There are 2 protein chains.
Amino acid sequence: METLADAADHGTDVCSVPPLRHPRPDGQDSYTISEVVAFTGLTAHTLRWYERIGLMPHVDRSHTGQRRYCNADLDWLDLVGKLRLTGMPVADMVRYAEMVRAGDHTYSERYELLEATRRDVLARIAELQDTLAVLNRKIDFYADAGHAPASERPR
Amino acid sequence: METLADAADHGTDVCSVPPLRHPRPDGQDSYTISEVVAFTGLTAHTLRWYERIGLMPHVDRSHTGQRRYCNADLDWLDLVGKLRLTGMPVADMVRYAEMVRAGDHTYSERYELLEATRRDVLARIAELQDTLAVLNRKIDFYADAGHAPASERPR
DNA sequence: CGCTTGCTTGGAGTGCACTCCAACGTTTTA
DNA sequence: TAAAACGTTGGAGTGCACTCCAAGCAAGCG
């Protein structure tokens, strides 16, 4: 059974940065929206929506007005994806994006936001660990042949 | 009538089961909706809604029709709360409740559902661990005085 | 050239999980 | 006993994060 120690070993620090970085090297980094869809797993709708609400910088356009994403856009989407996994509301991510746009004087504010998020993530992990224990207990009962846990309630 | 306290001591994991079980002993377990609100942190609206959609068994009523919850109801709400933390959709929890109501022949189905949930939780924890690493890295950059991480994008 | 496939826009629609409302009955406190 | 607090209902409303739509350019291919 997996405990805190076990889960914690999944490297909270070094070495867990994905080895695959960018599909194309800097300089030739120009992706259509559908390439970004393939790379990020987001839908084109969502990418356009992110841009509309200010969660993406205004993306480069081809001479005919079509979006052309660059490597830095991919990196930003990666971070957004991570923040989304933490359950951070989109509105907060937009605030963060605005701070980045606003410049250097927002460093401490950004730091605060990330720290708060980090605390949330740690709390969330602890919650899940707790839930896991309950789940394991219940599963053991069910596996243990045919009698249900005492706490089953409905009807 | 056996309770979670008993089940908890089968301890697949140490010490993470809350020591406070029921506000009142079995036999005098009769709670108004607002007591349950205080105990669970859910709103009265939500409690009534859970009942409407079949996520709660039909709760006992006083002679004038007001809800009177029992200890087993509290246990069930506790489990629901845990499952909710896993991100399980309410519809799935309703399916689970229906299976419990349906009787013993649903054991294996219930087992499957819990197992699948367990896998989800483990995956989710791994994701969060990964996110934590990214967060830590970014926070280090910010803490490391005034220069932003390379991947900052907006504007 | 025509065909298919891809991209553009603003605005409307969807699904989930609540959340609130009005209008009224019940219980507790002063 | 009167007022305040708490409870009931069905149905409508909210907020979030997408998700889809129609109508119309644009690009690549045989």
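The structure displayed is predicted, hence computed values, not measured ones. All chains are named by letter (A, B, ...) in the order of the sequence lines, taking the proteins before the strands, and each is independently numbered beginning at 1. Heavy-atom basis, side chains included; hydrogens, waters and symmetry copies ignored.
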Query raised in the report: How many Å lie between CH2 on Trp49(A) and P on dA17(D), as a whole number?
Result: 6 Å
Report task. Mind calculating the distance between CD (Gln66(B)) and P (dT9(D)) to the nearest angstrom? Result -> 10 Å
**Report entry** Most 5' of His63(B) and Ala91(B) on DNA chain C, judged by nearest nucleotide
**Finding:** Ala91(B)
Query raised in the report: dC6(D) phosphate, OP1 or OP2: any side-chain N/O from Thr32(B) under 4.0 angstrom?
Result: no
**Report entry** Given DNA chain D, 5'-ward residue of the pair Met93(A) and Arg68(A), judged by closest heavy atom
**Finding:** Met93(A)
Query - Value in whole Å for how far the C1' atom of dC7(C) lies from CG of Asp60(A) - result: 16 Å
Query - Atom pair distance, as rounded to whole Å: CD in Glu35(B) and C1' in dG7(D) - result: 13 Å
**Report entry** Interatomic distance where CD belongs to Glu51(B) and P belongs to dG10(D) [whole Å]
**Finding:** 10 Å
Report summary line: Minimal heavy-atom distance between Leu114(B) and Leu135(A), with the atoms involved, is CD2-CD1, 4.1 Å
Query raised in the report: Should Tyr50(A) be listed as having a side-chain N or O under 4.0 Å from OP1 or OP2 of dA17(D)?
Result: no
Query - Member of Lys82(B), Arg84(B), Arg118(B) meeting the side chain to side chain contact (heavy atoms under 4.5 Å, CB included) criterion with Thr131(A) - result: Lys82(B)
Report task. Measure from the side chain of Ile33(A), starting at C-beta and using heavy atoms only, and say which of dA17(C), dT8(C), dT19(D) lies closest. Result -> dT8(C)
Query - Ile53(A) CD1 to dC16(D) C1', straight-line distance once rounded to whole Å - result: 11 Å
Report task. Just compare dG7(D), dC7(C), dT19(C) and give me whichever is closest to any side-chain atom of Arg52(B). Result -> dT19(C)
Requested in this report: Taking only the side-chain nitrogens and oxygens of Thr64(B), find out if one of them lies under 4.0 Å from OP1 or OP2 of dT8(D).
Outcome: no
**Report entry** No-hydrogen, no-angle side-chain donor-acceptor test under 3.5 Å, Asp29(A) and Tyr69(A)
**Finding:** no
Query raised in the report: Which sits closer to the 5' end of DNA chain C, Arg84(B) or Arg61(A), going by the nucleotide each is nearest to?
Result: Arg61(A)
Report task. Nearest whole angstrom, please: distance from the C1' of dT8(C) to the CG of Leu47(A). Result -> 14 Å
Query raised in the report: Thr43(A) side chain N/O closer than 4.0 Å to the phosphate oxygens (OP1, OP2) of dC18(D)?
Result: no
Query raised in the report: Under 3.5 Å, is there a donor-acceptor pair between the Asn71(A) and Arg24(A) side chains?
Result: no
**Report entry** Proximal nucleotide (of dG6(C), dC18(C), dG7(D)) relative to the Val90(B) side chain
**Finding:** dC18(C)
Report task. Give a yes/no answer on whether the side chain of His45(B) brings an N or O atom under 4.0 Å of OP1 or OP2 in dG11(D). Result -> no
Requested in this report: For dA26(D), take OP1 and OP2 only and decide whether either is under 4.0 Å from a side-chain N or O of Arg67(A).
Outcome: no
Query raised in the report: With Met88(A), which of Val121(A), Asp120(A), Leu113(A) fulfils side chain to side chain contact (heavy atoms under 4.5 Å, CB included)?
Result: Leu113(A)
**Report entry** Atom pair distance, as rounded to whole Å: CZ in Arg48(B) and C1' in dA17(C)
**Finding:** 17 Å
